[in-house]
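First the structure, in the form of structure tokens, and then the observations on it.
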Amino acid sequence: MSTEGMTATSYIQHHLQNLVYGKLPSGYERGDGTILEQGTWTFAHTPKEAVDMGFMAINVDSMAWAIVLGVAFSFFFYRAAKKATTGVPDKWLNFLEMVVEIVDKNVKESFHAKSNLIAPLALTIFCWVFLMNLMDLIPVDILPKLAQLVGASVFDADPHHVYFKVVPTTDPNITFGISLTVFALIIYYSIKSKGIVGFIGELTLQPFGKWLIPFNFLLEGVSLLAKPVSLALRLFGNLYAGELIFILIAMLGYWQLPAHFIWAVFHILIIILQAFIFMMLTIIYLSLAVEHH
Amino acid sequence: MNFNATLIGQIFAFAIFVWFCMKFVWPLLLGMLEDRERRIADGLAAGERGEQKLKEAEQYLLDLVHEGKEKASEIITQAHKRGDEIIDEAKESARIEGKRILEATRGEIEQEKEVARQDLRQQVAELALIGAEQILMREVDRKVHNEVLNKISADL
């Protein structure tokens, strides 16, 4: 725990709030009591303001980290791909090749149709989600503290108003952003391989035949919708809980040092596992979408 | 759980990263990996071929050595035989030579014998003449009796 004069609750709340940029409507009463005369684009100063901005707002921190990490992933792999020769690879290239081969093997084992998209999709999901999860291992106060410093000195902001969440996958927007794209691909591949009629038939004519179409549709619809929701919530839940435990450990005083270490060691497993599960389930859902029953 | 435009931003970002990976990363890396796999397989096959060839060469070498040994022993045998032959020939020619020398020597001896006999005859004729001279106590006229003396010495 870093900031003096903060209660445990406000410390946790502060850590779990994104840095939100959005539009506040005119006549809105801000957290400090001032009333806006006209609609204003601004950073939210309190969690309530962030909610009141509605949909037309953006979580600057998680979006920025997601993009930075995505660019880092693209950059490393692109450089490796450019440099790659059939000769003896150096250690870094060897490592990236290992990742590529793991992904390739899993895709080939689970997805039997031919597609140029699935393997790069799986690689991107695995690496990107892993990198975003990896942010969880950075001690919880470092980057938010740095952001507060920069916010206060460069942008002349009140440090209490500078929120900064560094793990993008603890933001449901990020996890749902990926899973909804996967969901769109599931529907696209279903229709592509079975036709619209086949896809609707699959949704309505099983498992109980044509006399129970509404019931079938309810059942199949739920199981279809459950795919993106479970994908996103599983990742979000795991990382959110992990982050929360890091925050709680940070309030233990000196005991946080061994406790942080132990939890971080466990967490290494979780962040890789969650990235891998997300990738595997994406491959499996898409292969189910392509296969005929 | 506060949904906002981040969701849309994330979908776009995701789409762009996947597209980039699909376009510029995956085909290059996988193509390279497949090439390398092929290259390694070729290398291993070449290595195996090399080993096979080495084995063949070793076998060939062994055969060659074996053959050489056989030839050498054959040559030695022949040489032994030839040596024996040469010795036999030498013995034979020595025997013949010896015989020849013996013959020649014998001829010489015969000749010498003949000469000695002639000489002896001469001397006997002289001795007989001297004896007859002394018996007769008088000078025998050599000229008168030469014919007789020659006849005697021829008879001896």
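Every chain is numbered from 1, with letters handed out A, B, ... down the list of sequences. These values consider heavy atoms only, across backbone and side chains, with no hydrogens, waters or symmetry-generated copies.
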### Message
Less than 4.5 Å to any heavy atom of chain B: does that hold for the side chain of A:Tyr240, its backbone, both, or neither?
### Response
neither
#### Entry: Top of A:Thr124, A:Thr181, A:Asn59 for chain B proximity - count of heavy-atom pairs under 4.5 angstrom
A:Asn59
### Message
Nearest 0.5 angstrom please: A:Asn18 CG to B:Asn4 CG, how far?
### Response
8.0 Å
### Query
More than 12 heavy atoms of other residues, nucleotides or ligands under 6.0 Å from CD of B:Glu48: is that the case?
no
### Query
Taking all non-hydrogen atoms of both residues, which atom of B:Met22 and which atom of A:Asn116 are closest, and how far apart?
CG-O, 3.6 Å
## Note on the structure
For residues 10-21 of chain B against chain A, heavy atoms under 4.5 Å, the residues are B:Gln10, B:Ile11, B:Ala13, B:Phe14, B:Phe17, B:Val18, B:Phe20, B:Cys21
### Query
Can you tell me how far the CG atom of B:Leu7 sits from the CZ atom of A:Phe55, to the nearest 0.5 Å?
5.5 Å
### Query
More than 12 heavy atoms of other residues, nucleotides or ligands under 6.0 Å from CD of B:Glu112: is that the case?
no
### When A:Ala119, A:Ala66, A:Pro47 are compared by non-hydrogen pairs under 4.5 Å with chain B, the top option
A:Ala119
### Task
Output the distance between atom CG (A:Leu96) and atom CG (B:Leu29), rounded to the nearest 0.5 Å.
7.5 Å
### Query
Which bit of A:Leu121 comes within less than 4.5 Å of chain B, counting heavy atoms only: side chain, backbone, both or neither?
both
### Which atoms of A:Ser62 approach chain B - backbone, side chain, both or neither, heavy atom under 4.5 Å
side chain
#### Entry: Under 4.5 Å from a heavy atom of chain B, the part of A:Val20 involved
side chain
### Part of B:Ile40 lying under 4.5 Å from any heavy atom of chain A
neither
### Message
Ignoring hydrogens, what is the shortest heavy-atom contact between A:Asn173 and B:Thr6? Give both atom names and the distance.
### Response
CB-CB, 3.6 Å
### Summary
Given B:Val25, B:Asp35, B:Leu28, the one with more heavy-atom pairs under 4.5 angstrom with chain A than any other is B:Val25
